[in-house]
Number of protein chains: 2
Amino acid sequence: MEKKPELCRVEDALGILVGKWKPIILLHLLINGTMRFSELKRHMPGITQKMLTKQLRELEEEDIVQRVVYPQVPPKVEYSITEYGRSLEPILEAMHEWGSKHTAHKEEKEKRMAQKEAN
Amino acid sequence: MEKKPELCRVEDALGILVGKWKPIILLHLLINGTMRFSELKRHMPGITQKMLTKQLRELEEEDIVQRVVYPQVPPKVEYSITEYGRSLEPILEAMHEWGSKHTAHKEEKEKRMAQKEAN
DNA sequence: CCCCTTAGTATCCTTTTTGATACTATGCTA
DNA sequence: TAGCATAGTATCAAAAAGGATACTAAGGGG
């Protein structure tokens, strides 16, 4: 662990993953490879066009995803993870694992709470 | 990698690390062990009392940090990472490393941009 | 009696993020 | 000729996050 918190770069990584939909977008692209805009949207009920566009633009800006536009009507735009973006995979994996454990941890905690209240 | 993004628990982990100061707070506690509120505050110029309190409360709520109050005046409250909280360390470490590489990546990109503009 | 200390709260305000909705281009189909 | 499809943009509104500032308790020192 870095001994100087001032030099901590955790926020830089965090900044890329943060955004209400970014992890799910990345997961979808990691699993399915290339996806069209509308395809992504269909897989994320609840997201608005604006949001999806914004998040994808931000990921593109950081070279995490690639955007390919086909000059057609109706428009066709495909998104995919870049090689560079794939370097995030271990982190996502670790976070998913930790998140799963944490969910279990919280459930247990709640059970203990309920137990206490019963007394 | 989990094959069903709907079951993705990345956000759960993310939610805990997100907040403008949380990673730095955790780093400080990981490095220094136990710290008083004022000590933490001194190490983070720019943070307000309210923010520090809020972030610590949230971390406490998730069992990541422990809060010990000494019934004295003036007050004395010590914070430290829990055993459970330490399980986040590998993730923080991975993110820090990735963040460092990303910073380098961006700098190179900027250089290339500047180069292009010169032509 | 006033002020210092620490670890907070309370209040108000600004900024950022997110959401809802409507609008666009253009070729194809009914 | 009206309507559909796709990948957006524009505008406005709401909610969440963050920040500035003032206030508190209670004992010790001057």
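Sequence lines set the chain letters: A, B, ... in the order given, protein chains first and strands last, and positions in each chain run from 1.
- Applying the 4.0 Å criterion to OP1 and OP2 of D/dA7, one finds that A/R67 has every side-chain N and O outside that range.
- Partners of A/Q72 according to the side chain to side chain donor-acceptor pair (under 3.5 Å) rule, which considers only residues two or more places apart in sequence or in another chain, do not exist here.
- Listed candidates were C/dA7, D/dT6, C/dT18. Nearest to the side chain of A/K54 is C/dT18.
- Toward the 5′ end of DNA chain D lies the nearest nucleotide of A/E39, the other residue of the pair B/G19 and A/E39 mapping further downstream.
- Going from atom CD of A/E58 over to atom C1' of C/dT16 covers 12 Å, rounded to whole Å.
- Side-chain proximity of A/W21 to D/dG19, C/dG19, D/dA7: nearest is C/dG19.
- Of the possible polar contacts, none joining the B/K106 side chain to the B/H102 backbone as a donor-acceptor pair under 3.5 Å is found.
- Comparing the local axis fitted to the first five base pairs of the helix from C/dC1-D/dG30 to C/dA30-D/dT1 with the one fitted to its last five gives a bend of 30°, rounded to 10°.
- Taking a 6.0 Å sphere around CD of A/E61, one finds it holds 12 or fewer heavy atoms contributed by other residues, nucleotides or ligands.
- At a threshold of 4.0 angstrom between heavy atoms, the contacts of A/K41 with the nucleic acid are absent.
- Here the P atom of nucleotide D/dA16 and the CE atom of B/M51 are 15 Å apart, to the nearest Å.
- A/S38 has a side-chain polar atom (N or O) that falls below the 4.0 Å cut-off from OP1 or OP2 of D/dA7.
- The nearest pair of heavy atoms linking B/I16 to B/I64 is CG2-CG1, 4.2 Å.
- Considering only heavy atoms from C-beta on, A/K22 stays 4.5 Å or farther from A/L17 through its side chain.
- Residues A/H96 and B/V10 form a side-chain contact, since some pair of their non-hydrogen atoms from C-beta on lies under 4.5 Å apart.
- Atom-to-atom, CG of B/L40 to C1' of C/dT6 comes out at 14 Å; the value is rounded to the nearest Å.
- As rounded to whole Å, 11 Å separates atom C1' of D/dA5 from atom CZ of A/R42.
- Spacing between atom CD of A/Q55 and atom P of D/dA7 amounts to 18 Å, rounded to whole angstrom units.
- B/K111 has no carboxylate O lying under 4.0 Å from a charged side-chain N of B/E107, or vice versa, which leaves the two without a salt bridge.
- Taking both residues in full, the closest heavy atoms of A/G19 and A/Q55 are given as CA-OE1, 3.6 Å, listed atom of the first, atom of the second, then distance.
- Residue A/R57 places no side-chain N or O under 4.0 Å from the OP1 or OP2 atom of D/dA7.
- In this structure, the CG atom of B/L52 is 16 Å from the C1' atom of D/dA17, given to the nearest Å.
- Within the 4.0 angstrom heavy-atom criterion, only backbone atoms of the sugar-phosphate kind lie near B/Y79; the bases stay farther away.
- Residue A/K76 contributes atom NZ, which lies 23 Å from atom P of D/dC4 at whole-angstrom precision.
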Handout entry: Sugar-phosphate or base contact per nucleotide [nucleotides 20-30 of chain C; S, B, -; heavy atom under 4.0 Å]
Key = B-----BS---
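- Residue A/L56 contributes atom CG, which lies 15 Å from atom C1' of D/dT9 at whole-angstrom precision.
- Under the 4.5 Å side-chain criterion, counting only non-hydrogen atoms from C-beta, B/I25 is in contact with B/L52.
- Listed pair A/R36 / D/dA5 fails the phosphate criterion, with no side-chain N or O lying under 4.0 Å from OP1 or OP2.
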Practice task
Start with the C-alpha distance between A/M51 and A/K20, add both sets of side-chain angles, then the distance that settles side chain to side chain contact (heavy atoms under 4.5 Å, CB included), and finish with yes or no.
Solution key: CA-CA 9 Å; A/M51 258 304 120; A/K20 211 179 165 189; 5.8 Å; no
